[in-house]
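Since the structure comes first, as structure tokens, the remarks are kept for the end.
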Amino acid sequence: MSVLVVGTMAFDAIETPFGKSDRIIGGAATYIAYSASNFVKPIKQISVVGGDFPQSEMDDLASRGVILEGVQIKKDEKSFFWSGRYHMDMNERDTLDTQLNVLANFEPILPESYQDCEFVMLGNGVPAVQHSVLKQMKNKPKLVIMDTMNFWMETAMEDLEKLLKDVDVLLVNDSEARQLSAQYSIVKAAKEILKMGPKYLVVKKGEHGALLFHEDKVFVAPALPLEEVFDPTGAGDTFAGGFIGHLAKTKDISFENMKTAIIVGSAMASFCVEKFGTTRMKEINAADINSRIKQFVDLVNFEIELV
Ligand code: AMP
């Protein structure tokens, strides 16, 4: 079962209370691909990079079952660049710089060989680009999941609203859900967002876990209590990769299975934050992932007898 992934492949510069990185590899689609490829192959990637993006990174992704035919390389231009700073409360971050570079004029082209994808992950990026990829698909996908962020709500809200009508699942963090709905209560925000198009809404709350909303149902998943969070960059995308990876692997898009997918996504995100950038995602294997998922199951499992 192939999964189509759209999103940025980028350079990031990150500051956390524990350290600072120079330009390291990042980007929403990069993290999604690293995460999802643990569950399903191939991952068919759509993105754009400049001539500065290292071939070795492309080779590493390819070796994990990521097809790069849909990744355009603009030799004379620079890759997307993002820089951010985290504070002690790692749920909050400041964007210091966003340089669109190659992203500014990106027109995605869906290769013919990608038409068989039934699961689509529209990673964070220009809403019109996300929509263009969807419109190029000849068959309606089984499931379309989308991520976005405040930057696009501020610069491309109209396009974002149009796109929302065509997606099944929206993944956002709590502050983005509030901004999108103009509601402070997450429950009220979810009600508003579910009227905008998506049938399912996942609200990520960093170290406080994630919530899944569908019709009048809610599911709450914790985050693993970690002693040290080194760098939260990419945690949301890694979560998305695990979430869609599990759904595509099991080919089951029921609410019940989405609950499991949230646990899988949360387990993957818990690895991502342990080291800077994509470092940890490159180290982990199936045994690490299985034991981390088991830790999650133990974390939430309890028996209660009602009298
Ligand atoms: P996350 O921490 O999961 O929200 O995602 C972090 C990644 O998103 C970084 O690696 C950035 O390169 C990428 N990113 C930051 N801003 C944007 C943006 N406006 N559009 C697309 N990707 C972005």
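Indexing begins at 1, ligand by ligand and atom by atom, following the structure's order. Residue indices begin at 1 and follow the sequence shown.
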| note | In this structure, atom 22 (N) of ligand 1 is nearest to the protein heavy atom T8 OG1, 3.0 Å

| message | Within ligand 1, which atoms have a heavy atom of A10 less than 4.0 Å away? | response | 12 (O)

| query | What atoms of ligand 1 come within less than 4.0 Å of a heavy atom belonging to T233? | reply | 2 (O), 6 (C), 9 (C), 10 (O)

| query | Does Y31 have a heavy atom less than 4.0 Å from any atom of ligand 1? | reply | yes

| message | Do D159 and W152 pair up side chain to side chain, a donor and an acceptor below 3.5 Å, judged on atom types alone? | response | no

| request: Quick one: look at R93 and ligand 1, take heavy-atom pairs under 4.0 Å, and tell me if it's side chain, backbone, both or neither. | output: side chain

| said: Show the atoms of ligand 1 that are less than 4.0 angstrom away from any heavy atom in A235. | reply: 2 (O), 3 (O)

| query | Any ion pair linking E112 and K138 (charged N to carboxylate O, less than 4.0 Å)? | reply | yes

| query | Strictly by modelled atom types, are E107 and Q72 linked by a side-chain donor-acceptor pair under 3.5 Å? | reply | no

| If we only count N/O pairs under 3.5 Å, is G125 in contact with ligand 1? | no

| For ligand 1, is any non-hydrogen atom under 4.0 Å from N124's backbone (N, CA, C, O), its side chain (CB onward), both, or neither? | both

| field | Atoms in ligand 1 flagged as close to G26, the criterion being non-hydrogen separation under 4.0 Å | value | 10 (O)

| Mind checking whether F255 and I145 sit in one hydrophobic cluster, side chains of I, L, V, M, F, W, Y counted as touching below 4.5 Å? | yes

| task | Work out whether the distance between some heavy atom of F80 and some atom of ligand 1 is less than 4.0 Å. | result | yes

| Taking it one step at a time, do Y200 and H214 satisfy ring-ring contact (aromatic ring centres under 6.0 Å, His included)? | CA-CA 5 Å; Y200 300 84; H214 172 58; 4.0 Å; yes

| request: May I ask you to check whether G27 has an N/O atom sitting below 3.5 Å from an N/O atom of ligand 1? | output: yes

| Does the ring of F271 carry R280 above it, NZ/CZ under 6.0 angstrom from centre and within 45° of its axis? | no

| task | Report the nearest protein non-hydrogen atom to atom 5 (O) of ligand 1: residue, atom name, distance rounded to 0.1 Å. | result | D237 OD2, 2.7 Å

| said: If you take the nearest heavy atom of each of W152, F151, F239, which one is closest to atom 20 (N) of ligand 1? | reply: W152

| note | Short version for D12: what comes under 4.0 Å of ligand 1, heavy atoms counted, is side chain

| said: Whether the N150 and E154 side chains hold a donor-acceptor pair (N or O, under 3.5 Å, no angle test) is what I'd like checked. | reply: no

| field | Residue G236 vicinity, atoms of ligand 1 by number, heavy atom under 4.0 Å | value | 3 (O)

| message | If the cut-off is 4.0 Å to any non-hydrogen atom of G234, which atoms of ligand 1 fall inside it? | response | 1 (P), 2 (O), 3 (O), 5 (O), 6 (C)

| said: I'd like to know if K44 and D116 make a salt bridge, using a cut-off of under 4.0 Å between side-chain N and carboxylate O. | reply: yes

| request: Return yes if a side-chain donor-acceptor contact under 3.5 Å exists between Y31 and T233, otherwise no. | output: no

| Is the shortest N/O to N/O distance between T98 and ligand 1 below 3.5 Å? | no

| said: Quick one about Q136 and S132 (side-chain donor to acceptor, distance below 3.5 Å, no hydrogens or angles considered), yes or no? | reply: yes

| request: With R93 as the cation and Y86 as the aromatic partner, state whether NZ or CZ is under 6.0 Å from the six-membered ring centre and within 45° of the axis. | output: no

